[in-house]
J.: 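Just passing along the structure, written as structure tokens.
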Amino acid sequence: FNITDINMAAAGGCRYVGGAVATSLVLLLAGSAASMLASNAPRPHIIFHLADDFGWNSVGYHNPTMVTPAIDSLAAQGVKIERHYTYKFCSPTRASFLTGRLPYHVNQDNACNSITSSSGSDLRMQLISDHLKTAGYRTAAIGKWHEGARSPANLPINRGFDSHFGFLKGGEDHWTQGSSEAGEGAVVDLWRDHGPAYGENGTFSGYLYANEAVRVIHDHADKFPTTPLMMYLAWHLTHSPLEAPARYFDKRIAGCKNRQLYHAMATAMDDGINNVTLALKATGMWNNTLIVFSGDNGGPLVTTGNSGNNYPLRGGKTCDFEGGTRSCAFMSGGFLPETLRGTTSNALMHIADWYSTFCHLAGVDPPAGGDPAVPGIDSFNMWPALTTPNATVNDSLRTEVVLSYGCTGMPGEGPGNRSCSDVRGKNDSALIALPYKIVFGPQNNAGFWTGPIHPNGTADPPGDSKHCGPFSCCEGCLFDVVRDPSEHVDLKATHPDVFATLRKRLQVLGANMFQTNYTDPKATQCLTPKQSLRYYHGFDGPRCFATLPPVPPPPPAPPGTVALKHRQKAGAIKCLDGSGMASRGQRRANPSLAGDSDTAAAAAARVGSKGSCDSSDGDNLAPEGGGRSPVPEPFGQRKVATAVPDVATCENDPDQWWLLQGPSRRVVQATSGQCLKLNLVHGINCSTSGGSSPFKLGTCGGGPDPNNYITLTAPNATTRHGRLVVGACPGTCVDVHGQTLLLRPCSSPATDAWSAEKVVVN
């Protein structure tokens with residue numbers, strides 16, 4: 001980069017690679033070459049991990065206080081991509097990845113937190129999932145969608161994904177998948193393919209989506225062994241609300257609950273990523289798999305759950321400073337050449353560039369033409385730069401990135417040519433043209449610096465997206481982000497020519513700013529909020545259709561023993577079925593179920609974290625105790641810390657309970673004197689058994705229990721606050737098969753049929 005290049009570009013010179021004509025030429029040549037180069041090469045499986053609100057300093061290889069061994073191992077064996085940019089908050093980043101457009105050419109709104117929003121990924125744009133299907137890929141979407149769900153046409157299953165399991169909006173409760181919608185109140189946001197995922201909510205999100213990913217991988221290996229897989233795994237971790245199983249709590253973090261929770265959420269996600277990696281290796285898919293990991297924006301500083309850590313970068317989520325837009329990213333997997341492993345790339349890259357890069361690997365050109373009413377793709381094939389060992393900023397085809405362009409226009413320019421419904425970012429704009437970066441606007445007053453430990457008890461400045469503050473750039477700031485990555489030194493006064501040129505360039509680019517507000521023209525008949533609540537039986541889903549469908553019958557009754565996924569509370573709390581304890585999702589939907597220690601007001605709405613260290617969310621602990629193992633292990637195979645002599649002791653020592661939480665195809669060995677625990681609404685009081693080992697397990701292999709299912713029930717069992725304690729006999733095992741366990745009374749003859757009742761295991 002030099003000032004001559006910029007001046008020629010501003011004058012329309014062909015030397016400027018980032019100009020419209022040159023961009024099209026580069027994409028055409030790179031795309032055609034991609035097809036030729038990849039035609040004789042195997043098409044890799046692609047697993048794209050997108051972490052939610054994951055800060056630059058929230059990963060172990062940037063911050064040794066974080067416990068993320070699986071992520072660290074993958075990064076160490078791959079390529080750390082250290083100059084990888086996204087949008088400053090959730091939905092626009094996802095739209096950018098899926099459509100191959102920079103956010104200012106598709107979506108800068110976060111408004112699809114509402115089910116009826118018209119923002120997200122424009123329906124006239126072909127998503128990467130749909131395009132890869134033309135190359136013979138099978139595709140799967142798991143986790144957070146946040147790209148619009150107004151009509152069935154917006155759903156992932158209708159946008160190129162062969163399967164989809166996850167939630168449709170931008171955030172929800174990690175334990176219950178509970179959400180809220182204007183006019184509806186409390187709803188459950190969990191969707192599978194074409195309809196609500198009835199009976200599947202109630203599991204911690206990290207477990208829920210990791211288990212689904214493992215299932216999809218095994219299913220793919222069994223049914224499509226010669227077909228490449230593209231999986232978009234959009235984790236809800238580490239987005240607020242701050243919630244995590246207590247097993248992941250780092251006991252070294254004292255006096256700062258928010259930081260402890262955020263660290264625990266990162267470690268839980270790390271476990272899930274480890275399980276996905278293990279599944280790829282177990283199925284023989286690993287050697288031809290490309291793993292890509294990225295955050296969707298920086299860690300939050302001034303928003304609810306202000307527990308992000310982007311040190312030493314400036315700012316965080318909701319601002320265009322490096323801490324809000326420069327994400328943790330790497331690629332790994334058996335597909336990578338040996339010469340790349342353990343290297344670092346500093347080539348400039350935006351998350352939109354994965355579109356053309358994946359097309360190259362799949363052996364297809366990026367889509368050309370398309371609907372003239374929408375911008376074309378901005379994506380560059382970055383594979384040549386990514387496969388250059390230890391690439392520098394000079395190795396990238398991309399020479400500039402428009403991070404954002406304010407919907408109200410540049411300062412002094414007057415109104416912009418589009419309007420955004422999300423107030424955040426309306427007045428913000430930013431452009432990178434290395435080594436320089438220009439920033440304008442209030443930037444939510446989030447452009448401050450934190451120390452290496454954050455939060456640490458000091459209060460963060462309040463966010464303000466409408467007014468200039470001490471941590472804003474309303475009159476514009478200029479930084480050299482190569483020499484000054486923390487953006488401490490504003491160069492506007494010392495480099496006025498660079499500032500003026502970049503400002504003019506940003507204005508030229510911003511004139512083509514596009515914000516989608518397109519909806520399915522056929523979907524004109526819409527359910528009211530109350531109709532939607534009845535139609536989906538308490539779940540959320542698309543509201544608008546070409547023809548209003550008939551009201552479906554009620555969903556199948558959930559299993560008789562529903563998983564209980566939150567901290568046990570004292571008080572006389574009644575279950576919906578009259579036994580045991582109501583789940584938090586039940587209490588939120590029916591505040592009258594709340595007991596003495598959980599008032600109706602508290603049950604009806606989530607209260608966000610208010611302090612920088614103290615969490616005001618009093619319901620964020622999992623029932624299980626125990627510490628975090630220092631090495632990654634598959635769910636369901638962590639042994640108790642010490643042997644427990646009998647059921648009574650196990651019952652009185654909750655921190656030593658062993659939680660079954662395995663994905664399918666996991667076998668856990670139970671040894672003499674240890675106890676197993678399931679989180680169930682129906683429980684069994686061990687004191688009624690009359691012995692220290694009242695229930696036996698099915699034998700491993702052969703015998704009366706060919707499926708290796710554990711037998712858990714007994715006649716006249718009584719409820720004990722949703723906890724089930726089972727004695728284990730020597731030489732027996734538990735098969736967590738498809739996350740369900742079939743039951744039969746232990747006293748029944750071995751030839752008796754298994755009960756139809758199923759137990760959901762987290």
Side-chain angles (χ1 to χ4, degrees), residues 45 47-54 58-60 66-75 140-144 164-167 172-175 177 190 200-220 229 231-239 242-250 261-283 285-286 289 291-296 328 330 332-333 563 565 622 624 628-638 659-666 736 739 761-762:
H45 305 295
I47 309 296
F48 191 89
H49 292 284
L50 188 63
D52 206 353
D53 285 6
F54 196 65
S58 297
V59 66
M66 299 297 299
V67 183
T68 56
I71 292 174
D72 298 345
S73 176
L74 288 172
I142 300 170
K144 177 173 174 175
H164 165 238
F165 178 66
F167 64 104
E172 62 181 7
D173 190 280
H174 286 278
W175 292 108
Q177 289 68 59
L190 191 63
E200 297 190 67
N201 63 304
T203 298
F204 180 66
S205 70
Y207 302 157
L208 195 69
Y209 301 130
N211 290 343
E212 175 69 6
V214 170
R215 184 197 67 79
V216 168
I217 289 168
H218 279 282
D219 186 69
H220 184 88
L229 170 68
M231 177 184 290
Y232 172 46
L233 181 45
W235 300 91
H236 191 205
L237 300 168
T238 50
H239 195 287
L242 298 180
E243 299 170 312
R247 68 183 306 140
Y248 295 114
F249 279 22
D250 188 338
L261 281 164
Y262 189 92
H263 279 224
M265 294 167 79
T267 303
M269 179 177 66
D270 185 81
D271 250 1
I273 289 173
N274 182 61
N275 278 343
V276 172
T277 301
L278 291 175
L280 291 166
K281 293 179 177 179
T283 55
M285 295 169 61
W286 174 257
T289 293
I291 301 285
V292 177
F293 176 92
S294 174
D296 67 341
C328 288
F330 64 83
S332 189
K565 308 298 180 190
E624 70 270 30
R628 156 70 171 155
S629 173
V631 295
E633 301 172 294
F635 292 148
Q637 293 195 14
R638 289 187 176 84
L659 177 65
L660 291 181
Q661 53 187 28
S664 60
R665 309 185 186 198
R666 293 282 181 227
V736 185
Q739 301 182 65
V761 183
N762 75 338

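Just so you know, these numbers come straight off a predicted model, no measurement behind them.
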J.: Could you give the distance from OG1 (Thr203) to CD (Glu212), rounded to the nearest 0.5 Å?
T.: 12.0 Å
J.: Does a side-chain heavy-atom distance below 4.5 Å link Asp271 with Tyr207?
T.: no
J.: Within the 4.5 Å heavy-atom criterion, are Ile71 and Phe293 side-chain neighbours or not?
T.: yes
J.: Identify the heavy atoms of Leu237 and Gly206 that sit nearest to each other, and give their distance.
T.: CD1-CA, 3.9 Å
J.: Have Ser205 and His174 got a donor and an acceptor in their side chains that come within less than 3.5 Å?
T.: yes
J.: Do Phe167 and Asn201 have side chains that approach each other closer than 4.5 Å (heavy atoms only, starting at C-beta)?
T.: no
J.: Could you state the interatomic distance from CG (Leu280) to CG (Asn275), rounded to the nearest 0.5 Å?
T.: 11.0 Å
J.: Shortest non-hydrogen contact from Ile142 to Ala213?
T.: CD1-CA, 3.5 Å
J.: How many angstroms lie between atom CZ of Phe249 and atom CG of Leu261, to the nearest 0.5 angstrom?
T.: 4.5 Å
J.: Are Leu208 and Gln177 side-chain neighbours, meaning at least one heavy-atom pair lies under 4.5 Å?
T.: yes
J.: Identify the heavy atoms of Met66 and Ala266 that sit nearest to each other, and give their distance.
T.: CE-CB, 3.6 Å
J.: Would you mind reporting whether Val67 and Asp270 have side-chain heavy atoms less than 4.5 Å apart?
T.: no
J.: For Asp52, enumerate each residue passing the salt bridge (Lys or Arg N to Asp or Glu O under 4.0 Å) test, keeping only those at least two apart in sequence or located in another chain.
T.: Arg94, Lys144
J.: Going by the angle between their ring planes, with limits at 30° and 60°, are Trp235 and His49 parallel, tilted or perpendicular?
T.: parallel
J.: How far apart are the closest heavy atoms of Glu243 and Phe204, and which atoms are they?
T.: O-CE1, 3.5 Å
J.: Using modelled atom types and a 3.5 Å cut-off, is there a donor and acceptor pairing between side-chain atoms of Thr238 and backbone atoms of Asp53?
T.: yes
J.: Write down the atom of Ala244, the atom of Ala264, and the distance for their closest heavy-atom approach.
T.: CB-CB, 3.6 Å
J.: Ignoring hydrogens and geometry, is there a side-chain-to-backbone donor-acceptor pair from Thr267 to His263 under 3.5 Å?
T.: yes
J.: Are side-chain heavy atoms of Ile47 and Tyr232 found at a separation under 4.5 Å?
T.: no
J.: Can you see which heavy atom on Phe48 is nearest to which on Ser294, and at what distance?
T.: CZ-CB, 4.4 Å
J.: Can you confirm whether Met231 sits close enough to His220 that some side-chain heavy atom of one is under 4.5 Å from a side-chain heavy atom of the other?
T.: no
J.: Let me confirm one number: the CZ-OG1 distance from Phe54 to Thr68, rounded to the nearest 0.5 Å.
T.: 6.0 Å
J.: Could you tell me the separation between the OG1 atom of Thr277 and the CD1 atom of Ile217, rounded to the nearest 0.5 Å?
T.: 8.0 Å
J.: Enter the distance from Glu200:CD to Leu190:CG here, rounded to the nearest 0.5 Å.
T.: 6.5 Å
